[in-house]
Amino acid sequence: MKIKENISLLPYNTFRMDVCAKVYAEYESVDELRRLLAQYRGERILCIGQGSNLLFTGDFDGVVLRSQMVRARALGENGDEVYIEADGGLVLDELIDQVTDMGMSGLENLSYIPGTVGASAVQNVGAYGVEAKDVIVSVKAVSIATGEERIFTNEECRFGYRDSIFKNELQGQYVIVAVTYRLYKHGALCLEYKGLEGARTAAEVRERVIAIRRTKLPEVSELGSAGSFFKNPVIPVEQYQCLAARYPDMPHYEVANGVKVPAAWLIEQTGWKGKTLGGAAVYDKQPLVLVNATGHAQPDDIIRLAQAICDAVQAQFAISISPEVNYIA
Ligand SMILES: Cc1cc2nc3c(=O)[nH]c(=O)nc-3n(C[C@H](O)[C@H](O)[C@H](O)COP(=O)(O)OP(=O)(O)OC[C@H]3O[C@@H](n4cnc5c(N)ncnc54)[C@H](O)[C@@H]3O)c2cc1C
């Protein structure tokens with residue numbers, strides 16, 4: 001167990017916000033986690049993984065908890081299926097590297113997404129036609145209030161687009177300590193995205209996904225960001241039809257509750273792509289990504305830029321876009 005007081009969170013968030021936490025603690029077992037929860041009962045608790053989907057808006061007056069539990073184990077097999085349980089603190093991409101190396105499929109499209117196994121369930125991470133919910137069987141979590149363990153089935157996690165019960169009703173109430181995934185020895189690959197056609201193995205899909213992502217997204221080691229800053233909005237069919245008359249080339253996807261429009265396209269139309277505001281900027285290769293352009297951007301720079309973009313999209317399209325990134329006040 002490691003506990004530090006009044007430390008900068010700069011190394012612990014990929015936006016590289018230099019804010020301070022009252023307490024920062026790491027745990028290596030569920031017992032240590034329970035001891036920390038008991039020690040700091042009554043304090044504000046924030047669990048973080050790699051801090052790759054967070055925007056600290058200022059100093060954090062509470063306890064930041066980070067898992068150092070990083071193992072994965074096979075729980076069993078059922079025909080073609082293999083059940084793998086991974087600790088919440090394991091880096092998701094390290095897990096994917098291991099399982100694809102062993103020939104298992106299911107997670108490969110999520111390759112190279114920054115972050116941990118625990119957060120993959122909170123966020124229901126997704127890329128290239130696959131979401132974490134497609135392969136998550138259950139989530140093991142510890143109650144922050146009582147220290148008791150609870151298993152959530154996939155259904156109980158109420159997964160949605162970059163969403164789960166852990167971001168809604170149960171926000172801030174549980175620490176995810178492990179996730180069980182259902183993978184496949186000879187499962188079908190998801191190759192519907194451009195660039196993945198014809199891949200024959202999970203390892204090949206992984207290689208291609210990594211190559212594509214490297215061309216499109218900033219490396220967080222070089223340029224601070226939290227990935228896609230906004231979610232893609234879903235608008236009513238009637239609104240889409242009105243807009244399509246004005247913007248015939250507007251990309252769109254029909255979904256159950258309306259029409260999904262890529263936020264990146266909307267932002268590009270407003271002219272914000274590549275623009276800067278204070279130390280923050282809209283990434284020039286992908287307008288959905290806001291970056292810490294100078295390396296010294298303040299939380300307020302990012303907040304003001306995000307708000308300016310929302311306002312511009314609202315003014316031009318009457319569409320409200322909302323952040324995917326978690327603001328931590
Ligand atoms: C360059 C870049 C590219 C990205 N690309 C994608 C992408 O393609 N698809 C995608 O879906 N996301 C993407 N992301 C976003 C990010 O990688 C994911 O949201 C990821 O799941 C965050 O993991 P993390 O460990 O860094 O979580 P953090 O950012 O530390 O935390 C995210 C949320 O999860 C909570 N949390 C974290 N760990 C736990 C835990 N153990 N128990 C309970 N709550 C917890 C936090 O409190 C917070 O609410 C990208 C980010 C970057 C920087």
Side-chain angles (χ1 to χ4, degrees), residues 9 11-17 26-27 30 33 37 44-56 60 62-70 86-95 109-133 136 139-144 150 152 157 159-168 170-179 193 209-210 212-214 216-232 264 283 285-286 288-292 323-329:
L9 291 174
Y12 306 114
N13 73 96
T14 59
F15 246 137
R16 303 193 58 74
M17 292 297 117
E26 292 178 352
Y27 55 92
V30 172
L33 168 63
L37 292 175
R44 247 185 104 196
I45 303 282
L46 173 71
C47 295
I48 64 164
Q50 291 194 310
S52 63
N53 204 233
L54 302 177
L55 174 61
F56 285 105
F60 184 74
V63 182
V64 172
L65 291 182
R66 193 156 178 261
S67 173
Q68 294 299 309
M69 297 170 64
V70 293
D87 290 341
L90 179 61
V91 170
L92 179 68
D93 194 55
E94 286 176 16
L95 173 69
N109 294 49
L110 307 181
S111 291
Y112 219 56
I113 297 180
T116 51
V117 161
S120 76
V122 176
Q123 300 289 120
N124 183 24
V125 293
Y128 302 98
V130 172
E131 288 181 305
K133 73 167 173 55
I136 289 179
V139 169
K140 194 187 284 180
V142 168
S143 160
I144 289 178
R150 175 170 165 194
F152 292 83
C157 291
F159 289 121
Y161 168 47
R162 301 294 174 274
D163 206 13
S164 72
I165 195 165
F166 306 106
K167 289 180 87 172
N168 294 292
L170 298 183
Q171 188 178 26
Q173 294 188 38
Y174 280 91
V175 181
I176 294 176
V177 292
V179 176
Y193 269 73
V209 165
I210 292 176
I212 297 169
R213 291 183 69 95
R214 282 194 167 135
K216 289 192 173 167
L217 293 163
E219 296 283 348
V220 286
S221 54
E222 289 160 19
L223 193 57
S225 88
S228 301
F229 197 92
F230 300 101
K231 292 186 190 182
N232 293 318
Y283 191 49
K285 292 188 199 148
Q286 168 51 277
L288 208 46
V289 177
L290 306 190
V291 295
N292 179 347
E324 177 181 325
V325 168
N326 300 282
Y327 283 55
I328 310 290

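The basis for the numbers below is simple: all heavy atoms, side chains too, and nothing from hydrogens, waters or symmetry mates. Just so you know, ligand 1 is whichever comes first in the structure, and atom 1 is the first atom listed for that ligand. What you are looking at is a predicted structure, and each value in this text was computed from that prediction instead of being measured.
Near N326, meaning under 4.0 Å from any of its heavy atoms, are these atoms of ligand 1: 32 (C), 33 (C), 48 (C), 49 (O). Of all atoms in ligand 1, listed by their number and element, those nearer than 4.0 Å to a heavy atom of P218 are 1 (C). Annotation for ligand 1: atoms under 4.0 Å from non-hydrogen atoms of Y174 are 43 (C). In the vicinity of L46, heavy-atom distances shorter than 4.0 Å reach the ligand 1 atoms 47 (O). Short contacts between ligand 1 and Q50, defined as distances under 4.0 Å to a heavy atom of the residue, involve ligand atoms 24 (P), 25 (O), 26 (O), 30 (O). Atoms of ligand 1 lying under 4.0 Å from any heavy atom of G126, numbered from 1 in the order shown and given with element: 7 (C), 8 (O), 9 (N), 10 (C), 11 (O). Atoms of ligand 1 found under 4.0 Å from any heavy atom of T116 (numbered from 1 in listed order, with element): 23 (O), 24 (P), 25 (O).
Residue contacts with ligand 1: S225 is placed with no nitrogen or oxygen under 3.5 Å of a nitrogen or oxygen of the ligand (distance criterion only). At a 3.5 angstrom cut-off on N or O pairs, I113 does not count as close to ligand 1. For ligand 1, the polar-atom distance check finds no N/O of A127 at less than 3.5 Å from any of the ligand's N/O atoms. Checking only distances, V122 never comes within under 3.5 Å of ligand 1, N or O to N or O. By the 3.5 Å distance cut-off applied to N or O atoms, G51 is counted among the residues near ligand 1. The shortest N or O to N or O distance between S228 and ligand 1 is not under 3.5 Å. Among the atoms of I176, some N or O lies under 3.5 angstrom from an N or O of ligand 1. No N or O atom of N124 sits closer than 3.5 Å to an N or O atom of ligand 1. Residue contacts with ligand 1: P114 is placed with a nitrogen or oxygen under 3.5 Å of a nitrogen or oxygen of the ligand (distance criterion only). Looking at S52 next to ligand 1, an N or O pair under 3.5 Å apart turns up.
By the 4.5 Å heavy-atom criterion applied to side chains, M17 and L55 are counted as neighbours. A heavy-atom distance below 4.5 Å is not found between the side chains of S67 and D87. Annotation: side chain of I144 is in contact with side chain of V175 (closest heavy-atom distance under 4.5 Å). Considering only heavy atoms from C-beta on, L223 comes within 4.5 Å of Y283 through its side chain. Side chains of F152 and L170 form a contact here, defined as non-hydrogen atoms less than 4.5 Å apart. Within the 4.5 Å cutoff, the side chain of K216 has no heavy atoms near those of the V289 side chain. F166 places a side-chain heavy atom less than 4.5 Å from the side chain of V139. Counting heavy atoms from C-beta on, the side chains of S225 and V220 come closer than 4.5 Å.
The main-chain N or O of V122 is found under 3.5 Å from a side-chain atom of S164 such that the two form a donor-acceptor pair. Using a distance-only test at 3.5 Å, with no hydrogens or angles considered, no donor-acceptor pair links the side chain of N124 to the main chain of S120. Panel note: side chain N13, backbone G51; no donor-acceptor pair is recorded below 3.5 Å. A donor-acceptor pair under 3.5 Å links the side-chain atoms of Y161 to the main chain of N232, judged by distance alone. Panel note: side chain R162, backbone G126; a donor-acceptor pair is recorded below 3.5 Å.
Under the 4.0 angstrom criterion for non-hydrogen atoms, G227 is in contact with ligand 1. Heavy atoms of R213 come nearer than 4.0 angstrom to ligand 1 in at least one pair. In this structure, A132 does not count as a contact residue of ligand 1, since none of its heavy atoms falls inside 4.0 Å of the ligand. Within the structure, ligand 1 lacks Y12 among the residues with a heavy atom less than 4.0 angstrom away.
A119 CB, 3.2 Å is the protein heavy atom nearest to atom 27 (O) of ligand 1. At the shortest separation from atom 29 (O) of ligand 1 among protein heavy atoms lies N53 N, 2.7 Å. Shortest contact from atom 39 (C) of ligand 1 to any protein heavy atom: C47 CB, 3.8 Å. The protein heavy-atom contact nearest to atom 33 (C) of ligand 1 is Q123 OE1, 3.4 Å. Atom 31 (O) of ligand 1 has its closest protein heavy atom at L54 CD2, 3.7 Å. Of the protein's heavy atoms, V125 CG1, 3.7 Å lies nearest to atom 18 (C) of ligand 1.
Salt bridge absent: K231 and E324 never bring a charged side-chain N and a carboxylate O closer than 4.0 Å.
The side chain of V220, and not its backbone, has at least one atom closer than 4.0 Å to an atom of ligand 1 (non-hydrogen atoms only; side chain from C-beta on). Contact annotation: for S67 versus ligand 1, there are no heavy atoms closer than 4.0 Å. Residue contacts with ligand 1 for R162 involve side-chain atoms from C-beta outward but no N, CA, C or O (heavy atoms, distance under 4.0 Å).
Interatomic distance, F229 CZ to N53 CG, rounded to the nearest 0.5 Å: 9.5 Å. With rounding to the nearest 0.5 Å, the separation of CG in L9 from CZ in F60 is 9.0 Å.
When L90, T116, V30 are each tested for a side-chain contact (heavy atoms from CB on, under 4.5 Å) with M69, only one passes: V30.
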